[in-house]
Protein chains: 2
Amino acid sequence: MITVKPSDRTAAPKPASIYDVAKRAGVSIKTVSRVVNRQSNVSDATREKVMEAVDALSYRPNIFARGLASERSFLIGLLYDNPSAGYIAAMQVGVLTRCREEGYHLIVESLDAANPNIGRQVHSLVTESSLHGVILTAPLCDSQAVIDALNRANCPFVRIAPEKHLPGASDVRIDDFKAAYDMTAYLIGLGHRRIGFIKGHPGHGAAQARFAGYRSALEHAGLPLEEELCVQGFFSYQSGLEAGEKLLTLKNRPTAIFAGNDDMAAAVLACSQRFNLKIPHDLSVAGFDDSLVAQVVSPRLTTCRQPIREMAEAAVSMLIQRSANDGPVERQLDHELVVRESTVPPPGAT
Amino acid sequence: MITVKPSDRTAAPKPASIYDVAKRAGVSIKTVSRVVNRQSNVSDATREKVMEAVDALSYRPNIFARGLASERSFLIGLLYDNPSAGYIAAMQVGVLTRCREEGYHLIVESLDAANPNIGRQVHSLVTESSLHGVILTAPLCDSQAVIDALNRANCPFVRIAPEKHLPGASDVRIDDFKAAYDMTAYLIGLGHRRIGFIKGHPGHGAAQARFAGYRSALEHAGLPLEEELCVQGFFSYQSGLEAGEKLLTLKNRPTAIFAGNDDMAAAVLACSQRFNLKIPHDLSVAGFDDSLVAQVVSPRLTTCRQPIREMAEAAVSMLIQRSANDGPVERQLDHELVVRESTVPPPGAT
DNA sequence: AACGCATATGACAACGCTGCCATCATACCC
DNA sequence: GGGTATGATGGCAGCGTTGTCATATGCGTT
C-alpha cells in the first residue's frame, strides 16, 4: 500500500559541480571559485556571467571539497550538555538563522561535561572536522577543560550566557546586574517594600550579579537590605520550594518574591498554594530568564527575558568575523522586563 | 584583565593523518583505511598493529576527505521547522547518541515548511553535502514537497511521529490508537463513566487514531459514546480552552476529560479554575505526549509518553542500516502511560 | 610441479575545490 | 619608449581519504 515510484529512485542526482558552472560561463574553474567566494579581482562582466550560470545550475559548492582544500570549513559547532530544552531550541534557531545567511552549516554535538576525557573529545572533534568555530552553552561553557582544548586547537569559540568567568574566553551575555536592578526597581515602583530574594547557585557569576542588582536597587530606593528576606537557592525547582517555604513562614512575610530564575519562581507559586496565598493578590512573584516555565504556570510569571536568539546570532557573527588570534571579546545584549500576571501592587496599596 | 597565554595560540594543531598512522603501523594507508572502516581481508595481526597506532595518535578520519572520496558522508541531517522546543531537544539527544556510537555527525537545518521553494532548498542541501540520510520532524515530515525532493535526491529519510500519512515515506511512531485506548481504559478503571474527549486537529492521522482508541475503549467497557462529550480541538492551547469551556458548561458534566495532547489538557486545567473545579478532586484530566507542559502545570498531568529519544535513536539506526533503494518502512515503538496527580477516581467513588 | 583460488596488501587515480604562482593585458610613470 | 605597478585570469598541485585494480602470498588439487 505504501509504495515508491521507481522513477523516483533510479535517477542519479549529481549536483552541478564547479566544472559545469565554469563551462557554462565560459571561464576557468578558478574564476568561478573567486566569484563564489566573493573575492576581488574579478571584472563585473565576468562576475555576472558566472552568477548567472550558478543560478541556472543551482550550484552550491561541495562542503567536503571546500573543507578539504581550504582551511575554511564553513562549519560551526554547537556544543552542549543537557541544558534546558527551551533554551537550546531558542539558541539553535538563532544560530541557524545566521548560519544560513552566511552559507555556513551547523554541526551539533552533545557532550558530557563531567567526563574526564572531555578535553580530548573536544579537541579531536574540532580538529578532525576543522570547525570554523564553536558555540558553547552552559554548563560546557563553564568548563576550563573545554576552553583549554579549544585554545589548544586554535579554534575560536564564543560562550553564551556563561555563569562563571573564565580567562581567555569570548562571551555573549546580558547585564545580569542591571536586569535584576530593573526588576527590583519595578517591584518597588509597584509599591512593594518587603521584597524577598531567592539567590541562585553560589559560584555562578550570574547569580551573584543578580543578587548585587537587587541590593543596589533597594539601596537606591532607600530601602533596608534585610537578611531574613534573602535566602539561598541553587537555581533548581526543589531549592526554590525550600526557599519559598522559608520566606513564607516568616512572621513578617514579604509582599513580593523575586527569584533568581524562573524554575525557583515557579516553585514559589506551587509553595504559596500550601500557605493559601493567592498569587498575585496576596503575593507578587517574579522570576528570571523567561524560560518556557514562565509562560505555562498560572498565573504566568513576570520575568526578565534574555534574548537568547539574538545572543546566538551575535555569537555566530562574532565567530565568522573574528579569527582565533584575536583576543577574547565580551559582548552584552539588552535584556527585557516581561511583565505578566504574577506581579501587582501589594495588598492594601492604593 | 582577560588574557590568553600566547603559547595556547601559536601551536599549529595538525591532527594525525592516515599517513602518520600508516607509517607508525608499518603498513600502507590503504590498509589503515580498511581497518578503520571495519572491512574484511585484514589479518588479525595487522589489524591490531593499526589499531594500536590509531589509539596512540588519537587518529580520527577527516570527514571532508572521507566525504569527498566516498559516497558515504557520515553526516545525518536533522530538518525541522519550528517545532516545540522540548520536542526537538529530546529528539536531538536521541539522534546524537546514536550518531556518536556510529561515528556519524549531525547537521541541523531549520527550514520553513511554508516556503514554496522548500523542495529546492532541501534538494540542494542534501546533494551538496551528500547527507547519508535525513530525519524529518513535524511539520516538515508532513510536507509532500520535502518528501519528493528527498526521493528525487535519492536520499533516505525517516519521519518521526508524522501526523499525516504520506506515500513513499519511512516512519517511526507509536501506536496512537492503542495508547489512547490504554489511557481511556485506565480512566474507566478508576471508575469514570462520563469521560470527555477533546479531539486533535482533523486531518492529522494521529489525532484520528487517538479518537478511535478512545471510542474503542468505551465500547469494550460497554460504555456509550456520547456525542456531547466529544468536542473538536486543534492541538493548540487556545482550542483546548474553548473545548474545555464547552465540556464544563454541560448540564451533566464529565468526571474526567481526556485531551488529545498536553497543551489542550493544560488549557482544561486553566479553564476549570474559572468553573471553581478542583483538579483532580472534582475533575480528572489526562493529556497526551508527556511534553514539558505536562510536568510544570499544577497538578502535573497524567499523560501518555512518546519515547521521543528512543524514536530518534531508532530513526538513526534505520538510516544507517538502510539504503535509499529499500522500500519505505514503518517502525512502531511502545508508549507509556504516565500517571501523575491530575487523575483520581471520580467524586463519590468508593 | 604446475595450476587455480582465496586471502592479504599495496599503488595509484580520483573526488571537487582552493592556494599559489604564472601569465597577460592595460595603464601609468620618469 | 622602456620599466613597473595593477587588475584579471588560468594552470596546476595538493588537501586526506576511498575505489579500483594489480600484486604477492599461502594452500589445496591434480
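Lettering of chains follows the sequences in order, A, B, ..., and the numbering in each one begins at 1. None of these values were measured; they are calculated from a predicted model.
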Counting only side-chain N and O atoms of A:S70, is one of them less than 4.0 Å from OP1 or OP2 of C:dT18? no

Of B:V32 and A:T46, the one whose closest DNA chain D nucleotide lies more 5': A:T46

Who passes ring-ring contact (aromatic ring centres under 6.0 Å, His included) against B:Y59, sequence neighbours left out? none

Taking only N and O in the side chain of A:N62, is any of them less than 4.0 Å away from OP1 or OP2 of C:dG16? no

Side chain A:K30 and base D:dG11 donor-acceptor under 3.5 Å: no

With a non-hydrogen cut-off below 4.0 angstrom, is A:S40 in contact with a base, only sugar-phosphate, or nothing? nothing

Using a 4.0 Å heavy-atom cut-off, does A:F74 contact any base of the nucleic acid, only the sugar-phosphate backbone, or nothing at all? nothing

Presence of salt bridge, B:R98 and B:E101, under 4.0 angstrom: yes

A:R24/A:E52 salt bridge by N-O under 4.0 Å criterion: no

Could you check whether B:Y19 gets within reach of a base, just the sugar-phosphate, or nothing at all, counting any heavy atom under 4.0 Å? base

Any donor-acceptor pair, under 3.5 Å, between the side chain of A:R34 and the base of C:dG19, if you only look at N and O atoms? no

Which nucleotide in D:dT9, D:dT18, C:dA11 has an atom nearest any side-chain atom of B:S28: C:dA11

